Amino acid sequence: RGHAEILADGAGMTSFFLAKYARRLMQKLPGDTTVRAVLQKKAIEALELAMAQLYNFSSFAEDPESGLLWHCYEAKEDGGLVRKGLTGWGRALGWYLLGLSETACTMKALGLEEEYRGEESSDDGQEENVDTMPDLLERYCEAIFSLQRENGLLPWNLTELVQRGDVFSSVTSQKLKEALLDPENSEDGEMHHILTVDSLQTDTSASAMVGYAALKAVECGLLDQEKYMARLSLLKKGLEEQTDSCGALGGSLAECVGV
């Protein structure tokens, strides 16, 4: 509120809540037809708002090279768009995937999974239907789990990073990477440090969020069980190895340590 920045965290949290709210309303419909109609209308409105959050974020914040999402985008008053933060930040993807999975599973439970699609403008200015919620879910899960480590966990960032001092920026272009590693292209003549995905520290908080969202989608029949259960079992093992005898989970990013 009060600014035009939209974060993956916010899109994921709000859509998660709205989907839960819609399902709860539909499960508690009374016999009175008038009240029933009002509650059904509120449930559909909540779902449509959840879908709008998810579709908009996918449309405006997806990085075409990596297939992953930026952490944030800002819609300018002049119609311009600025993407901010990092692409592929694990916990931002986790929040988004939590909302996406909950919304898609709610729509399936209500028999609406194929009824709604996102829209984008074609070259002639006409709106075209694109992915359904299950389509988005499958696409992002495939992109994320393709970067799963051998220990089952996900890195805190799922794209390569360029580091100079304490400043990090995502780099997905091979040409940009080569330029950053060339001292002649650097203002101070120094090479930047490229951190590959394999060299980045894993994050149990991002891994747990992605794992929960994917498991829920498998259980409700939106993700293929044969394809994802082995990956999820490996992820679970990785989380268990980071959990001490008191149940505290280590290896998580920043303030989630010890939760």
Side-chain angles (χ1 to χ4, degrees), residues 8 11-12 15-16 19-20 23 47 50-51 54-55 57-59 61-70 87-118 129-160 172 196-198 200 202-243 249 251-252:
S15 57
F16 186 95
K20 284 279 192 184
R23 185 182 294 213
L47 266 181
M51 287 186 289
L54 295 165
Y55 277 131
F57 202 88
S58 174
S59 177
E62 183 175 307
D63 173 53
E65 292 193 46
S66 67
L68 300 172
L69 298 168
W70 286 80
T87 57
W89 182 41
R91 209 151 73 191
L93 291 170
W95 280 120
Y96 181 84
L97 209 62
L98 283 171
L100 179 58
S101 177
E102 190 66 39
T103 302
C105 288
T106 296
M107 294 177 69
K108 186 175 190 296
L110 300 179
L112 301 172
E113 70 268 30
E114 292 296 330
E115 188 168 334
Y116 293 94
R117 288 181 179 268
N129 287 331
V130 289
D131 294 331
T132 63
M133 288 281 115
D135 292 336
L136 281 182
L137 185 62
E138 170 65 32
R139 181 150 58 85
Y140 288 129
C141 280
E142 179 62 34
I144 292 169
F145 275 97
S146 69
L147 298 168
Q148 186 178 23
R149 297 282 188 79
E150 290 184 2
N151 66 359
L153 301 178
L154 297 168
W156 72 268
N157 188 273
L158 281 78
T159 56
E160 292 183 328
T172 56
T196 66
V197 174
D198 290 338
L200 294 173
T202 56
D203 177 22
T204 54
S205 61
S207 301
M209 286 193 285
V210 168
Y212 175 92
L215 180 60
K216 185 177 185 67
V218 168
E219 290 177 342
C220 78
L222 291 179
L223 290 180
D224 182 68
Q225 182 172 351
E226 183 177 350
K227 180 178 181 179
Y228 282 97
M229 283 311 297
R231 299 177 181 183
L232 289 169
S233 295
L234 184 62
L235 190 151
K236 179 183 177 184
K237 181 181 178 182
L239 291 173
E240 288 173 342
E241 290 175 349
Q242 294 285 338
T243 305
L249 181 64
S252 56

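All of these numbers come straight from a predicted model, not from anything done at the bench.
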*With side chains defined as the heavy atoms from C-beta onward, is the minimum distance between E219 and C105 less than 4.5 Å?*
no
*asked:* Just to verify, what does A11 make a side-chain contact (heavy atoms from CB on, under 4.5 Å) with, not counting sequence neighbours?
replied: Q53, F57
_If you compare all heavy atoms of G94 against all heavy atoms of V210, which two are closest, and at what distance to 0.1 Å?_
CA-CG2, 4.0 Å
*Which distance, rounded to the nearest 0.5 Å, do you find between the OG1 of T202 and the CG of N157?*
13.0 Å
*asked:* Side chains of K236 and L215, heavy atoms from C-beta outward: is any pair under 4.5 Å?
replied: no
*Got a sec, which pairs hit salt bridge (charged side-chain N to carboxylate O under 4.0 Å, His left out) with one end in residues 92-107, sequence neighbours left out?*
K20-E102, E102-K216
*Just grab all the side chain to side chain donor-acceptor pair (under 3.5 Å) pairs involving residues 140-154, residues at least two apart or on different chains.*
S58-Y140, E62-Y140, E142-K227
*So, for A206 and G90, which heavy atoms are closest and what is the spacing to 0.1 Å?*
CB-C, 3.4 Å
*Kindly write out the residues that satisfy side-chain contact (heavy atoms from CB on, under 4.5 Å) with T103, not counting sequence neighbours, or none if the list is empty.*
S15, A19, L47, A50, M51, L54, M107, M133
*Answer whether the closest heavy-atom distance between the side chains of L97 and L137 falls below 4.5 Å.*
yes
*Rounded to the nearest 0.5 Å, how far does OG1 of T204 lie from CZ of R91?*
9.0 Å
*Are T87 and T159 linked by a side-chain donor-acceptor pair shorter than 3.5 Å?*
yes
*Side chain proximity check, S252 to D203, heavy atoms < 4.5 angstrom*: yes
*Taking C-beta and beyond as the side chain, do L98 and W95 meet within less than 4.5 Å on heavy atoms?*
yes
*Could you tell me which non-hydrogen atom of P155 sits nearest to which non-hydrogen atom of L147, and how far apart they are?*
CD-O, 3.8 Å
_For the student: nearest non-hydrogen atoms of L239 and S207, plus distance_ = CD2-CB, 4.3 Å
*Could you pull out all residues at least two apart from Y228 that satisfy ring pair (Phe, Tyr, Trp, His ring centres under 6.0 Å)?*
F145
*A214 and L232: which non-hydrogen atoms are nearest, and at how many Å?*
CB-CD2, 3.9 Å
*asked:* If you compare all heavy atoms of S101 against all heavy atoms of A213, which two are closest, and at what distance to 0.1 Å?
replied: OG-O, 2.7 Å
